[in-house]
Enquirer: 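Dropping the structure in here first, questions after.
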Amino acid sequence: TKTETIPATGGNTGGSTGGSDVEDTPPEIVQPVEDAVKITKAVGHLESAYVTWDEVENARWYNVYVKKASEPDSSYTRLDEPLVRKYPTYFRADAVGLAADTYSIKVVPVDGNDAEVAGLAGYANNITVSAHDRSGFAFVGGTSSGAYNDNGTLKSNAQVIYITENTKNTVKMDVVTSNKGATTSCTGLQAILTAYAKGYATKPLSIRLIGNITDLSVMDKGDILIDTDGNDIGITFEGIGSDATANGWGLRLKNASNVEVRNLGFMNCNSNEGDSLGLQQDNNHVWVHNCDFFYGDAGSDADQAKGDGALDTKKSTYVTHSYNHFWDSGKSNLQGMKSETVDNFITYHHNWYDHSDSRHPRIRTCTVHVYNNYFDGISKYGVGATMGASVFVENNYFRSTSSLRPMMSSKQGTDADGEGTFSGENGGIIKSYGNTYDVSGGGTLYLKTYQQFGNNSDCYEASSRDDTVSASVKTVAGGTTYNNFDTADSMYDYEVESAEQAKETVQKYAGRIDGGDFKYEFNDATEDSNYGVISELKSLLTNYKSELVEVGGDGVASGGNEGGSSEGEGGSTEEGTEGGNEGGNTGGSTVVEGSIIVTFSKDNEYSNTNVNGVVITGNPSNSKGSATFDGKTYTECLKMEGSTSISFTLTESMTLVLKFADSEKEKEVNIDKKVYTTDSNATVTIELAAGTHTVTKGEVINLFVLVLSPIA
């Protein structure tokens with residue numbers, strides 16, 4: 001037996017953001033034998049870890065396990081199937097719900113008979129996982145960790161559902177909907193959440209999104225709506241991996257308590273339907289973190305060219321927005337409405353405002369702490385205060401090669417000089433301390449302090465963090481004062497970095513894992529002063545497509561386990577994994593007899609449709625070219641998409657021939673979760689053993705003819 005230890009590529013990205021005491025040692029990758037699973041990357045992140053690996057010959061799929069490094073091998077816990085995915089050149093598995101510690105991950109190939117080939121398992125050891133930074137008002141007088149404990153592990157009674165592009169409309173769950181404990185069987189994500197809004201559900205819920213999710217068939221006014229009837233149930237709405245994306249739709253919270261939203265990309269949201277993510281009313285203890293916010297579709301208003309609000313908060317209190325990445329957003333964060341009447345407590349920290357225009361945030365009436373953010377080439381203004389708001393702006397890094405307006409109060413200071421954008425509202429008081437203004441690239445700083453200009457200023461520049469603001473400091477319009485919330489005994493504990501350190505932390509951690517799968521480099525020289533739509537960025541977002549090929553357990557209706565292990569760790573149990581497989585494909589329940597040929601008609605609806613013993617689900621077309629097979633030309637086909645499935649059962653070995661469009665040479669298709677490539681005739685020909693087989697999408701490709709015949 002040969003044992004090979006390979007240095008991990010990528011290393012650990014876990015750091016000091018959560019105060020983990022785990023020593024950050026480099027992970028090691030072990031490949032016991034030459035043909036074993038070769039793990040190519042092992043990365044510890046924030047309460048999660050992931051591995052990638054190369055395909056093993058003849059492996060149908062892979063089972064992946066995780067354990068604390070200090071525990072015996074018997075402690076390995078299997079990950080839920082949907083956490084294991086296939087991409088064009090590699091496989092990936094993400095373990096979530098991990099407390100800060102050091103972990104080992106094991107990847108075991110599975111053969112065609114669903115048996116594990118233990119001797120070919122690959123291992124990644126010494127993976128350091130760090131804790132999330134649970135700071136800010138969201139954790140005052142309660143928690144915003146949702147379905148998770150505050151140490152990052154899944155709550156023992158939590159339920160988990162998985163949402164993929166294939167399962168978004170078919171996911172099923174029983175929800176308690178009466179005070180007598182009666183349950184309602186719900187189908188579709190919004191139906192499940194609507195049942196939660198009845199107020200009788202008690203189990204925490206983790207909703208895990210995988211891949212690029214487009215509009216769902218049932219939404220609420222174009223959004224997915226989370227409403228807990230004001231109950232502290234605990235809901236986490238989270239993306240898995242680096243590419244989880246809400247594409248074309250928004251998320252809205254109303255009357256919700258103890259909700260966490262994390263690790264999601266929001267893009268192309270319909271602006272006529274609202275914000276990418278909106279806290280609309282009567283929410284408390286909400287935590288939105290590590291999300292990417294991109295352009296929405298242009299709305300009908302002049303200021304909606306880049307979409308409506310990216311992350312807006314209205315009539316909500318005890319909220320933290322942290323470690324989010326705003327990509328050239330037009331209106332980043334609106335905080336409060338004109339009708340706000342309560343002293344809402346909101347924290348913004350470690351967000352990356354990346355060449356965005358305005359509202360970082362724009363604050364009405366509320367009490368807001370803005371610290372350790374990176375304002376990177378903002379084109380209009382940074383923090384704006386109106387209508388008597390009290391805002392503490394602390395240790396942020398502001399950078400611009402153009403006109404830099406880091407802080408403004410309505411009708412005074414630079415706004416009164418005509419340099420601002422506010423109008424019609426009274427001002428608010430901003431206390432400033434420890435901020436860095438970087439205009440070294442040729443920019444101009446516009447900032448008037450109270451110490452220089454009295455009340456006709458943008459901010460009060462404190463001499464120390466604990467400096468209180470005198471009642472003599474008042475807004476020019478409105479005559480309101482600062483409430484000194486930040487020096488009161490009720491203020492939360494937090495660790496603040498220097499502005500320079502915060503900039504580095506933000507660049508490392510803001511947004512989705514590894515910065516997400518979408519990459520774009522801004523040109524500071526042209527974009528620092530530009531608040532128009534960047535056509536290249538807009539085009540990339542409009543045409544965005546996921547590289548995800550296959551999700552383990554895709555087609556799962558009831559998906560996921562209920563709770564973690566007995567010790568409260570994340571992951572799944574064997575019972576949970578089996579539960580996640582219920583409700584999958586029902587194809588292959590009939591038997592193919594003798595030689596058959598299957599063709600397709602655009603006028604048919606293929607939904608578990610039986611054609612000569614072949615069960616087909618998918619969309620037909622007559623506009624995808626043609627295919628010539630055995631001297632005959634076919635013009636109607638079945639589109640091989642994410643939702644397409646072809647299943648059949650053989651009682652003997654047979655030859656399978658798949659004929660695709662004549663132009664589709666060297667294209668991929670999945671047969672029994674293994675990739676096959678079309679030949680020079682756009683054909684795949686293989687021999688299959690007796691048993692049940694399934695054909696699914698590899699690449700976008702169009703199937704015109706399927707033939708099964710006994711092997712001579």
Side-chain angles (χ1 to χ4, degrees), residues 60 112 165-167 169-170 549-550 554-555 584-712:
R60 183 193 65 78
E165 186 69 359
N166 290 353
T167 67
N169 300 317
T170 58
V549 172
E550 187 173 356
D554 211 0
N585 266 326
T586 58
S589 58
T590 58
V591 177
V592 173
E593 297 180 351
S595 297
I596 65 163
I597 181 169
V598 176
T599 57
F600 307 94
S601 169
K602 78 173 185 63
D603 297 323
N604 282 352
E605 293 184 3
Y606 295 100
S607 179
N608 278 343
T609 304
N610 192 316
V611 181
N612 296 332
V614 177
V615 179
I616 304 167
T617 295
N619 297 311
S621 175
N622 66 345
S623 61
K624 301 298 180 181
S626 62
T628 301
F629 182 73
D630 276 354
K632 184 177 179 180
T633 299
Y634 298 84
T635 59
E636 296 178 299
C637 67
L638 184 73
K639 296 187 289 184
M640 299 301 296
E641 303 171 310
S643 58
T644 306
S645 176
I646 304 169
S647 299
F648 48 85
T649 299
L650 308 178
T651 58
E652 60 178 322
S653 297
M654 300 187 78
T655 298
L656 170 67
V657 178
L658 302 174
K659 178 64 175 86
F660 299 92
D662 291 335
S663 61
E664 294 177 325
K665 303 170 185 178
E666 297 184 356
K667 291 275 192 174
E668 294 181 349
V669 63
N670 285 326
I671 305 173
D672 297 333
K673 295 189 176 180
K674 186 174 181 180
V675 176
Y676 293 85
T677 304
T678 58
D679 60 18
S680 58
N681 294 316
T683 302
V684 171
T685 303
I686 65 168
E687 293 184 357
L688 298 175
T692 299
H693 302 277
T694 303
V695 180
T696 55
K697 172 193 169 186
E699 296 182 76
V700 175
I701 193 171
N702 300 285
L703 177 63
F704 286 77
V705 182
L706 179 152
V707 177
L708 282 164
S709 56
I711 298 174

Enquirer: How would you list, by chain and number, every residue that makes a side-chain contact (heavy atoms from CB on, under 4.5 Å) with Ser680, sequence neighbours excluded?
Expert: none
Enquirer: Quick one: list whatever passes side chain to side chain donor-acceptor pair (under 3.5 Å) with Ser623, sequence neighbours left out.
Expert: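 In terms of side chain to side chain donor-acceptor pair (under 3.5 Å), with neighbours along the sequence ignored, Ser623 is linked to Ser621.
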Enquirer: Tell me which donor-acceptor pairs under 3.5 Å the side chains of residues 698-712 have, and how far apart each pair is, sequence neighbours excluded?
Expert:
from: Glu699; atom 1: OE2; to: Glu668; atom 2: N; distance (Å): 2.9
from: Asn702; atom 1: ND2; to: Glu664; atom 2: OE2; distance (Å): 2.9

Enquirer: Can you tell if the side chain of Thr678 reaches within under 4.5 Å of the side chain of Val669, non-hydrogen atoms only?
Expert: no
Enquirer: Suppose we screen for side chain to side chain donor-acceptor pair (under 3.5 Å). Which residues come up paired with Asn169, at least two apart in sequence or across chains?
Expert: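 Scan of Asn169 (side chain to side chain donor-acceptor pair (under 3.5 Å), adjacent residues dropped) gives Ser217.
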Enquirer: With the side chain counted from C-beta on, respond yes when Met640 and Asn670 share a heavy-atom pair under 4.5 Å apart, and no when they do not.
Expert: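 No; the side chains remain at least 4.5 Å from each other.
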Enquirer: Without placing hydrogens or testing angles, list every side-chain donor-acceptor pair under 3.5 Å for residues 624-631, not counting sequence neighbours.
Expert:
from: Thr628; atom 1: OG1; to: Thr633; atom 2: OG1; distance (Å): 3.3

Enquirer: Among residues at least two apart in sequence or on other chains, which ones pass side chain to side chain donor-acceptor pair (under 3.5 Å) with Tyr606?
Expert: Asn604
Enquirer: Run the salt bridge (charged side-chain N to carboxylate O under 4.0 Å, His left out) test against Asp672 and tell me which residues pass, sequence neighbours left out.
Expert: none
Enquirer: Kindly indicate, with the supporting measurements, whether the criterion side-chain contact (heavy atoms from CB on, under 4.5 Å) is fulfilled by Phe648 and Leu688.
Expert: CA-CA 11 Å; Phe648 48 85; Leu688 298 175; 3.8 Å; yes
Enquirer: Begin with the C-alpha distance, continue with both residues' side-chain angles, and end with the deciding distance and a verdict on side-chain contact (heavy atoms from CB on, under 4.5 Å) for Val549 and Val675.
Expert: CA-CA 10 Å; Val549 172; Val675 176; 5.5 Å; no
Enquirer: Applying salt bridge (Lys or Arg N to Asp or Glu O under 4.0 Å) as the test, list every pair that has at least one member in residues 631-644; sequence neighbours left out.
Expert: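 Of all non-adjacent pairs touching residues 631-644, those that pass salt bridge (Lys or Arg N to Asp or Glu O under 4.0 Å) are Lys639-Glu641.
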Enquirer: Drop me the distance from Asn610's CG to Asn608's CG, to the nearest 0.5 angstrom.
Expert: 9.5 Å
Enquirer: A side-chain contact here means heavy atoms from C-beta on lying under 4.5 Å apart; do Ile671 and Val684 qualify?
Expert: yes
Enquirer: Quick check: does any side chain N or O of Asn166 sit under 3.5 Å from a backbone N or O of Gly642, one acting as donor and the other as acceptor?
Expert: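 Side chain of Asn166 to backbone of Gly642, a donor-acceptor pair under 3.5 Å: yes, one is there.
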Enquirer: Can you find a heavy atom in the side chain of Thr694 that is under 4.5 Å from one in the side chain of Ser645?
Expert: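 Touching, per the 4.5 Å side-chain cut-off.
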Enquirer: Without placing hydrogens or testing angles, list every side-chain donor-acceptor pair under 3.5 Å for residues 652-660, not counting sequence neighbours.
Expert:
from: Lys659; atom 1: NZ; to: Asp662; atom 2: OD1; distance (Å): 2.7
from: Lys659; atom 1: NZ; to: Asn681; atom 2: O; distance (Å): 3.2

Enquirer: Indicate the atoms forming the closest heavy-atom contact of Pro620 with Gly618, along with that distance.
Expert: CD-O, 3.8 Å
Enquirer: For Glu165, give me all partners under side chain to side chain donor-acceptor pair (under 3.5 Å), at least two apart in sequence or on another chain.
Expert: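 Only Lys168, Thr214 meet the side chain to side chain donor-acceptor pair (under 3.5 Å) criterion with Glu165.
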Enquirer: Mind checking the NZ-CG spacing from Lys667 to Asp679? Nearest 0.5 Å is all I need.
Expert: 15.0 Å
